[in-house]
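In each ligand, atom 1 is the first atom listed, and ligand 1 is the first ligand listed. Hydrogens, waters and symmetry mates play no part in the numbers below; they use all other heavy atoms, side chains included.
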Amino acid sequence: MHKLPFYKYRPFTAITLPDRQWPSRVIEQAPLWCSVDLRDGNQALVVPMTLAQKLELFNLLVKVGFKQIEVGFPSAAEVEFNFLRTLVEENRIPEDVTIQVLTQAREHLIRRTFESVRGAKQAIIHLYNPTSELQRRVVFKKSKPEIIEIAAQATQLIKELASTMPETKITLEYSPESFSGTEVDFAVEICEAVIDVWKPTPDNKIILNLPETVQLCTPNTYADQIEWFCRRLKQRDLAIVSLHTHNDRGTGVASTELGMMAGAERVEGTLLGNGERTGNVDLVTVALNLYTQGIDPNLDLSNIDEIVDVVERCTNITTHIRHPYVGELVFTAFSGSHQDAISKGMAHYTQSQSEIWEVPYLPMDPTDIGRTYESIIRVNSQSGKGGIAYLLDQEFGFQLPKPMQPEFGQIIQRIADHTGKELKPAEIWHAFFNEYIDAISPLKLQKFRISESSEDEQVTCDAEISIDGNCREITGRGNGPIDALAKALQNELGIAFELTAYYEHALSRSTDAKAAAYIQVRHKGTFAFGVGVDPNISLASGKALLSALNRSLRQDH
Ligand code: KIV
Ligand code: ZN
């Protein structure tokens, strides 16, 4: 076996926090959300968004309910600057939405950033400089005090420029970028230096954004970093602690959730997780994770397909079929045992009329986010009778009796094995129709008349049956229409069979109020079901009986 050079890597140093509190905390409310789709998301695209795409995405973010939206890095590119000016000059920013703009800690970039927000009612100026040990040593070759000086000077300039723009309420967000690789005591030190210059107040708190710029360790360690930071920061009550996780280790959502438990109250991320490298944390997942714990996410995700559509169009990135909550297959079961449990769970949920969603294998009701139940169960060679029966009921209103389900399940299984493909509902319906409803030879019911006698409560049935095209009139008496028809078939046509099961129901989907009947017969030692459909229930039953006989006669040959 070829061994990977694991010795190139070092384990991350854990945080010493033996009395950590976050593991026993429970998230009880949604955080303050900030979308960074138009900045971090856009920066990571092969082809950055056009003005039109940015506007479309901005409108979606507003519609979804984001109150803080990072709209770009206006000092970095002309199109970013122009987008911001379009938003301000065309009055496209709703009163209750605050735009956020990113800037590096460099004078000319900060000045340009202020030009870009001129005229906005409120804005968050998001200042960052990298603080990690690696960046200080390798990229900037600067000492800790020098790195602090960069942040403090930039803050001072922002403060001065903000005072020249009284018509815009400026909030400062400071990110010790690469926080995840920064010594926690240094992160506190630099943030306190920024606070000392900015002087936040309870009415105008500073946002301290602690990015997991690159994921370097397990999410519990990030949570330790956040709790450590929150506990040591002197002016904690004047700061909103914010999370900004990426997904290098595939744990962006976990880091965010544990970070909230550790004391953060604000979360930055993107819809569906676009962003640098493996992306930013997916806010849809975080929000729906809260939702499925009974917490109002404060975001309108009721039309998830629209969100996917717009994000895909603007980013040119397609959504994976397994993407949490939104992927094409995430509410779908193919496996028989899962389908069986889901169909029982769905029946229980509907019948109990409970307000609480409890369906095995489905952590949430797909209709809450605008998906339908159609895709819950899909059929291929892995599928089982329960799922097939569920589909036939949901899509076509046929409630297969339980003892009939294995028989039809095997028929579908054979087709799926043979084709090696998924069977769509229409194909399942065709198989059902051909096998049962259209089983009209050799025996076909041409006429069927029932008369009741008041004397002995028996009924007489007069039927015309065509046998391989030749008509025969038969008569029988019994204690009901089906018993009478069975007697006629047994006595006059000499078919030896026994009626073993009978079921019927109205077809709710049918506009002309049809009934479906299911009859099982035993003929020459084997059992077979038949199905009949007709507005007249006696006729539906008669057809079902002949369907069962035809199927068993065919098996005979
Ligand atoms: O990932 C990051 O650290 C960033 C900062 C600019 C907040 O995007
Ligand atoms: Zn980022």
With side chain to side chain contact (heavy atoms under 4.5 Å, CB included) as the test, would you mind laying out the steps for Y222 and Q215 before giving the verdict?
-> CA-CA 9 Å; Y222 181 60; Q215 291 200 305; over 6 Å; no

Output field for angle at the Zn ion (ligand 2), H244.NE2 vs H246.NE2, rounded to 10°, should show 100°

Side-chain (D300) to main-chain (V64) donor-acceptor, under 3.5 angstrom = no

Work out whether the distance between some heavy atom of R39 and some atom of ligand 1 is less than 4.0 Å.
-> yes

Atoms in ligand 1 with a heavy atom of P211 nearer than 4.0 Å | 2 (C), 3 (O)

Using a strict 4.0 Å cut-off to heavy atoms of E177, name the atoms of ligand 1 that fall inside it.
-> 3 (O), 5 (C)

Value for CE (M260) from CZ (R25), rounded to nearest 0.5 Å, stands at 13.0 Å

Could you check whether the rings of Y128 and H126 sit parallel, tilted or perpendicular, using 30° and 60° as the cut-offs?
-> perpendicular

Per-atom contacts of ligand 1 with H246, taking only distances under 4.0 Å to non-hydrogen atoms = 1 (O)

Any N/O/S of D40 under 2.8 Å from the Zn ion (ligand 2)?
-> yes

Considering only non-hydrogen protein atoms, determine which one is nearest to atom 4 (C) of ligand 1 and report residue, atom name and distance to 0.1 Å.
-> H244 NE2, 3.4 Å

Heavy-atom contacts with D40 under 4.0 Å: which atoms of ligand 1 show up? List them by number with element.
-> 8 (O)

How are the rings of Y373 and W357 set to each other: parallel, tilted or perpendicular (split at 30° and 60°)?
-> parallel

Show which atoms of ligand 1 fall inside a sub-4.0 Å distance from at least one heavy-atom site of N209.
-> 7 (C)

Atoms in ligand 1 with a heavy atom of H126 nearer than 4.0 Å | 7 (C)

Going by heavy atoms in the side chains, are N316 and L45 under 4.5 Å from each other?
-> no

Atoms of ligand 1 close to T213 [distance to a heavy atom under 4.0 angstrom, numbered from 1] | 1 (O), 2 (C), 3 (O)

Looking only at side chains, do N280 and T270 share a donor and an acceptor under 3.5 Å apart?
-> no

Could you give the distance from CG (D185) to CD1 (I190), rounded to the nearest 0.5 Å?
-> 12.0 Å

